[in-house]
Amino acid sequence: VLAFGGVAAAQNFPSRPVTIIVPFSAGGPSDAMARILAERMKVTLGEQVLVENVTGAGGSVGVGRAVRSPPDGYTISFGHLGTHVANGAVYKLGYDLVTDLEPVALLPSNPMIIVSKKAVPATSLKEFVAWLKAQPTAPTAGTAGAGSGSHIAGVYFESITGIKLQYVPYRGTGPAMNDLVAGQIDMIVDQTSNSIGQVRAGNIRAYAVTDSKRVESASDIPTVDEAGLPGFHMTLWSGLWVPKGTPKDVVAKLNAATVDALNDPAVRKQLENLGLQMPPKDKLTPEALGAWQKAEIAKWWPMIKAANVKVD
Ligand code: MLT
């Protein structure tokens, strides 16, 4: 019966709206990517694809909500290097990021970008680092909470520069960016996709991207290697998961709708304009995301645990 039920589930799936839980505030990079994809996925799936922002604790509240939802494909967990890797080394999550979730598909990625409020009198990364070191109290860095991508990037930045930052946690880097533009915080090590609009508008200063090559749609911003922090490389990738136990055929249907969205020219144009890079064509299966996540856990957990990140 279960097998029959499984087959029936996939044939009729979806028969009502699907919800993508984004574990950060509206207006941030995760939210932006999810909404761009959802717009196209609803065409392929033939049902509404809703985005629900469930925020807090570096994204772990929203992921927990998705983990505990029925394993029927109607609730999808949007996440990334922060939520589906780093959070496991920072929090006692009450769920397991690998065994309590089924991978659906790897999504686009982007390097981080080192940005500051406009008032900082620096026009290069070297000058910015000198300014940070000269501050009488710890400079403030906006994050999306302990364990978020922007927080882990900040910890990495501290370890490379020796600068001590005062983290200011928000429910996403959308609200953090509002405060950066207003000059309320000094900096963010942000997802490029979140900062690129404000950089182009001249509202914040950008110093470097954390990659060995420049971002095509922001080619005037140097790499960390060019700007004097060689090796400070961090690519933040995103992905979609569903609760463990979701029927394989339903996972396959969600994977197909996601891959279709990633292949849609209008979607690609929107994402690439944000500085996002498409996932490799040979990494688009659910299994590829599963392997990717496990490899990233092995890569990042030692650094995060060694930094013994405080959960504020
Ligand atoms: C993060 O810093 O983890 C995310 O960029 C936050 C967000 O997407 O709002």
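In each ligand, atom 1 is the first atom listed, and ligand 1 is the first ligand listed.
- A salt bridge links Glu39 with Lys42: the distance from a Lys NZ or Arg NE/NH1/NH2 to an Asp or Glu carboxylate oxygen falls below 4.0 Å.
- Looking at atom 2 (O) of ligand 1, its nearest protein heavy atom turns out to be Ser150 OG, 2.6 Å.
- Relative ring orientation between Trp131 and Phe128 is described as parallel, the plane-to-plane angle staying below 30° on a 0-90° scale split at 30° and 60°.
- Ring pair Phe232/Phe157 is tilted by interplanar angle, where 30° to 60° counts as tilted.
- Of the protein's non-hydrogen atoms, Ser30 OG, 2.6 Å is the one closest to atom 8 (O) of ligand 1.
- No N or O atom of Asp31 sits closer than 3.5 Å to an N or O atom of ligand 1.
- For atom 5 (O) of ligand 1, the closest non-hydrogen atom of the protein is Gln191 NE2, 2.9 Å.
- Residue His80 places at least one N or O, backbone or side chain, under 3.5 Å from an N or O of ligand 1.
- Closest non-hydrogen pair, Gln191 versus Asn110, comes out as OE1-ND2, 3.0 Å.
- Atoms of ligand 1 found under 4.0 Å from any heavy atom of Ala144 (numbered from 1 in listed order, with element): 1 (C), 2 (O), 6 (C).
- At under 3.5 Å, a nitrogen or oxygen of Gly149, whether backbone or side chain, sits near a nitrogen or oxygen of ligand 1.
- No side-chain donor from either of Asn273 and Ser217 sits under 3.5 Å from a side-chain acceptor of the other.
- Note on ring orientation: taking the six-membered ring where Trp is involved, the planes of His80 and Phe24 are parallel (angle under 30°, cut-offs 30° and 60°).
- In this structure, Pro29 has a heavy atom closer than 4.0 Å to ligand 1.
- With hydrogens and angles disregarded, no donor-acceptor distance shorter than 3.5 Å links the side chain of Asp190 to the backbone of Thr173.
- Numbered from 1 in the order shown, with element, the atoms of ligand 1 that lie under 4.0 Å from a heavy atom of Gly172 read 9 (O).
- Distance from atom 7 (C) of ligand 1 to its nearest protein heavy atom, with residue and atom name: Thr173 OG1, 3.4 Å.
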